[in-house]
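See below for the structure under consideration.
Every number for a ligand or one of its atoms is a count from 1 in the order of the listing. When a residue number appears, it is its place in the shown sequence, counting from 1.
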Amino acid sequence: MSKLYSSYTLRGLELSNRIVVSPMCQYSAENGLANDWHLVHLGSRAVGDAGLVFTEAAAVSPEGRISPSDLGIWSDEHIEPLKRITTFIRGQGVSSGIQLAHAGRKASCLPPWEGGQQISPLAGGWQTVAPTPIPFYEDDVTPIELSIEEIQAIIQSFVNAAKRAVTAGFDIIEIHAAHGYLLNQFLSPLTNKRKDKYGGSFENRMRLLIEVTIGIRAVIPQEMPLFVRISAEEWAPGGHTMEESLEVAKLLKTNGVDLIDCSSGAVVRQQNIPVKVNYQVPFAERIKKETNIATGAVGLITDIFQAEDILDKDEADLIFIGREMLRNPYFALLGADQMHIIPNWPKQYERGKPRK
Ligand SMILES: Cc1cc2nc3c(=O)[nH]c(=O)nc-3n(C[C@H](O)[C@H](O)[C@H](O)COP(=O)(O)O)c2cc1C
């Protein structure tokens, strides 16, 4: 029996299978508002029968956007267009998730297809913020060090965004604490040189993520699962390590997180990532086995048998698929066919089913 195609229950939610569309920025929103692109993009992957479809990183404040065209959830105006999407996804028997994010010093950049470089405030960008005024690229505008009051306001933006996500009909929230964005910038000793209660010791560096987690858990329904994506390893000398990630996972679990989505890197430029098939799976496996929290594996998982094998070996609980889902929105439907499982084919598409 396939584990990948078995249902999976977290708190009050049952996912129909364990294939997850990983969060992927589309750089296609105006003023953070979801539009037809997001409906069709996310909707197609729900038609393709992934068990859970995540939106891209949705900014909790305008300054928290990576680019001016990021999705956002910083005002009530953002709720209705997102609701249209969650309603469609639910109509396909699929669950929906939203990733909440603040880009910190990595904000105010052009979309990748326009070069990806930072837009200075003079050229229509905005002033970035960070735990410590160190830019990501040397010629980026130096970010402003956040004051304690500003940190409190950011926590509140995450909490308000979570409330809106519930109203918009999402089944799951994921806090983005990976890839060198703001929460990761606080966690990392390479980007956080603060001397106050949000910096210095490991306990202090974790504080912002834990406060955001506690704040969100307090305002979302008890039965709603909460995920956190972390960069389990920074792949950089002096950076946050896997050993520390185990401690982060334990503390997140104590504070009501249900699953750690195990990614890595992108915190500093001087990183050395040994990219190969399944290279991040060992993080999901260790965190799952050593802290007894559910984990998601992600990164270069492109084949249905590869995904099944990770679950069979008990290395993770959910399989997040990124780029393969861009290439093939029907990854889960066609994969079921490859595994000789009767796929949950939409009735509209039945006449297109692969013939035996
Ligand atoms: C176009 C694109 C946009 C992405 N945007 C996000 C994002 O918004 N949040 C995030 O956590 N990861 C993001 N990622 C990373 C993916 O979620 C995933 O972790 C990564 O691509 C590795 O998985 P893959 O090898 O299956 O693509 C993005 C990746 C791509 C290709």
Side-chain angles (χ1 to χ4, degrees), residues 4 18-29 32 34 37-38 41-42 44-45 48 50 52-60 64-67 69-73 82 96-104 106-107 109-116 161 165 170 172-185 187 209 227-235 259-267 271 273-284 295-304 306-307 310 316 318-329 331-332 335:
L4 192 61
R18 302 176 194 208
I19 300 170
V20 181
V21 178
S22 202
M24 282 182 284
C25 288
Q26 298 296 297
Y27 312 98
S28 299
W37 176 265
H38 303 91
H41 163 66
L42 299 169
S44 307
R45 275 111 198 121
L52 170 61
V53 175
F54 263 108
T55 69
E56 66 202 80
V60 299
R65 288 175 294 175
I66 301 166
S67 81
S69 43
D70 281 19
L71 194 63
I73 185 157
L82 290 170
S96 60
I98 185 166
Q99 190 186 50
L100 302 183
H102 190 302
K106 289 176 102 177
C109 293
L110 290 168
W113 54 80
E114 288 175 31
F170 286 101
I172 290 185
I173 288 174
E174 174 166 282
I175 301 169
H176 196 354
H179 304 165
Y181 295 115
L182 187 70
L183 299 178
N184 197 174
Q185 288 159 30
L187 273 176
L209 173 57
F227 292 6
V228 176
R229 174 167 273 197
I230 60 168
S231 278
E233 166 67 54
E234 289 181 7
W235 307 113
L259 181 139
I260 307 291
D261 171 8
C262 301
S263 191
S264 72
V267 182
Q271 58 178 10
I273 308 185
V275 179
K276 57 177 195 249
V277 168
N278 286 357
Y279 74 106
Q280 293 179 144
V281 175
F283 304 137
T295 58
V298 66
L300 288 176
I301 304 170
T302 55
D303 176 85
I304 210 74
Q306 178 193 3
I310 293 167
L318 296 179
I319 303 293
F320 286 60
I321 311 276
R323 288 161 290 181
E324 188 56 31
M325 278 288 177
L326 296 183
R327 290 186 281 270
N328 177 12
F331 176 79

Number the atoms of ligand 1 from 1 as they appear, then name those within less than 4.0 Å of a heavy atom of [X], with their elements.
{"X": "Leu300", "value": "24 (P), 25 (O), 26 (O)"}
{"X": "Ala57", "value": "8 (O)"}
{"X": "His179", "value": "10 (C), 11 (O), 12 (N)"}
{"X": "Val298", "value": "18 (C), 19 (O), 23 (O)"}

Considering only protein heavy atoms, which is closest to [atom], and at what distance to one decimal place?
{"atom": "atom 26 (O) of ligand 1", "result": "Gly322 N, 2.8 Å"}
{"atom": "atom 5 (N) of ligand 1", "result": "Cys25 N, 2.8 Å"}
{"atom": "atom 31 (C) of ligand 1", "result": "Arg323 CG, 3.5 Å"}
{"atom": "atom 6 (C) of ligand 1", "result": "Pro23 O, 3.0 Å"}

Tell me, please: is Gly299 in heavy-atom contact with ligand 1, that is, under 4.0 Å? yes
- Message: Contact between ligand 1 and Gln99 is defined here as a heavy atom of the residue under 4.0 Å from a ligand atom; is it met?
- Response: yes
Is the ring pair [X]/[Y] parallel, tilted or perpendicular, if the boundaries are 30 and 60 degrees?
{"X": "Trp235", "Y": "Tyr279", "value": "tilted"}
{"X": "Tyr181", "Y": "His179", "value": "perpendicular"}
{"X": "Phe227", "Y": "Phe54", "value": "tilted"}

Hits for side-chain hydrogen bond (donor to acceptor under 3.5 Å, both in side chains) against Gln271, two or more places apart or cross-chain, chain-then-number order -> none
Distance check, rounded to the nearest 0.5 Å: [X] atom [atom1] versus [Y] atom [atom2]?
{"X": "Thr295", "Y": "Phe320", "atom1": "OG1", "atom2": "CZ", "result": "9.5 Å"}
{"X": "Asn184", "Y": "Leu209", "atom1": "CG", "atom2": "CG", "result": "9.5 Å"}
{"X": "Gln26", "Y": "Ser67", "atom1": "CD", "atom2": "OG", "result": "11.0 Å"}
{"X": "Glu324", "Y": "Ile301", "atom1": "CD", "atom2": "CD1", "result": "11.0 Å"}

The side-chain contact (heavy atoms from CB on, under 4.5 Å) partners of Val277 (sequence neighbours excluded) come to Gln306
Any heavy atom of His176 under 4.0 Å from ligand 1? The part involved is side chain
Logged contact type for Glu324 with ligand 1, heavy-atom cut-off 4.0 Å, is neither
Ranking Pro112, Ala178, Cys262, Ser22 by closest non-hydrogen atom to atom 18 (C) of ligand 1, top hit is Ser22
Looking at Glu56, Arg229, Met24, the heavy atom closest to atom 19 (O) of ligand 1 belongs to Arg229
Is there a polar contact between ligand 1 and Leu326, counting only N or O atoms under 3.5 Å apart?
no
*asked:* For the residue pair Thr55 / His38, report whether a side-chain donor-acceptor contact shorter than 3.5 Å exists.
replied: no
Do any non-hydrogen protein atoms sit less than 4.0 Å from atom 2 (C) of ligand 1? yes
